[in-house]
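Each remark here refers to the structure printed beneath this line.
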Amino acid sequence: MSPLPLLSSLPFILFLLLSAIPLVEKELRADPLWTPQSAIMKGSPLSEYLPVSKESLLSLLRQCTICVGGERNLDVRMHGIAMSCTGECTQCGAKFNWKSSRMLPTKNESNKEKLFKINPDFVTGAVLTSVGGRKLHQVLFQSGMSTFSTPTFHRLKKHYVIPAIEEYFYRSQAILIDEINERVSKGEKINLSGDGQFDSRGYCGAWCRYFILCADTGRALHYILMHKNETGGSSMKMEVAALERGLNELSYMIGGTEAIESIVTDRHGAVTTMMQKKFPGIKHYFDPWHFFCNITLALITGQHTFDKDPTFKQFKACTYSAPTNPAIYIPKGGRIVKRLEDMVFTAKNTEDIKSVSWLLHTSPCESINALATRYASKEYYFSRSGHEHRTKTTIVHWNFLKESIMNGSIPVVVRKRMVESPHTTEKKRQNAKREQRKLWEKLTRPVVPAEGDPNLDDEWSEEEEEEDDGVLPPLLSPQLQLCQLADQN
Ligand SMILES: [Zn+2]
């Protein structure tokens, strides 16, 4: 056969070939710098993890992405709540390897030590919300999610989460101490406040947690955890011993007790004695709120019962209600005023009031103790290490709140239009305020849920409340309804 007809038809064949090349490739040849439009995604959620049903995930993984219509054999493995999957296409033989979360590098990397990021993330969430491993397991299990085994949860908590809390705590404590040392080097002195709390309600606690705060900034500087075995089994002695150890350790960090001007605590006889003996250079003040609260309590309790007085036979208690005009009942210079004065101006009160602080309070200490109770609930018993990391978490959280307050809230910018009805302006102002409050609550509210937290009630909105302002008729009993009908007729 002559090659001529073929040769003559060559341009035509070339044309056919060229027209068969997809448009993209043609453009690529014309402009080597051309790239396809980058893929965009709309509505991507902000959260890092998404719950996905096994069915929908496996149907995606089963399809081969190399050939058309190929299906893979899958080998699925669980690692905590993470999942890894290897596979091979039954049609084209392409191999496949997939992980549900990225891996974190570990110091001792081996086949056994696989750290999928999702695992420590979930354990951290459970630790920082004081939900704990058991409740997390229950929630995941009951929702039909894969869950951790108890040893895995505790291994992750012990090896990764608690060391991270400790590192962060000591690093931020060092920064605070550096700041104080700088102030002290300039000749300044610091004021402290301190208060302790027992791990169970009442006075039979096994542990005492004592916080020492900087009274000037409200930030927590140090804490002491004391077990009652350390004070010979007496829980009453724990608070005094904890304060003593705390002051010793803190003054060691800031180069001596000379840097401490004063400390305010609640009025506790044993604390006063210890402070005078061990720290005579530090001025010891009493919290004013506690001082006046005690005096008020002494005035109102037991004043209206006479059951101990044998001269009263018929009446055992005062039957009068509180007087509306006290001046009528308490004449000036009378016997009653004298009695009240005797109760207020006792030798102890007149001596102690000299030590009542007018500027410093222990109330921040009580607040931080309340926060600590959220992390270490009084309903449970914790070991020393359990209390240690919970207390450190409390301090990190507390100091973060203090610093946020010092820095001021985050401003929300509201864009205004030129023409706007007063109603719209007011609505927008309210919305902006609400958004700001929501944001502020998100930032400052403890993540540990407690009853009465407004942030637990996300569905609640003022809008709905405002709509429903119609007055409902009172509910009447059938009897009353009959009477009303009779009146009308
Ligand atoms: Zn394939």
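Sequential numbering from 1 along the given sequence is applied to the chain's residues. Each ligand, and each atom within it, is numbered from 1 in the order the structure gives. Quantities reported herein were computed from a predicted structural model and do not represent experimental measurements.
The distance cut-off of 2.8 Å around the Zn ion (ligand 1) captures these protein N, O or S atoms, sorted by chain and number: C64 SG, C67 SG, C89 SG, C92 SG.
Among all heavy-atom pairs drawn from I368 and A220, the shortest one is CD1-CB, 3.7 Å.
The aromatic ring centres of F382 and Y375 sit 6.0 Å or more apart.
Here the straight-line distance linking atom CG of D287 with atom CG of D195 works out to 8.5 Å at 0.5 Å rounding.
Around atom NZ of K189, more than 12 heavy atoms belonging to other residues, nucleotides or ligands sit under 6.0 Å away.
The aromatic rings of W207 and H387 sit tilted, their planes meeting at an angle between 30° and 60°.
Between the side chains of D121 and Y49, at least one donor N or O lies within less than 3.5 Å of an accepting N or O.
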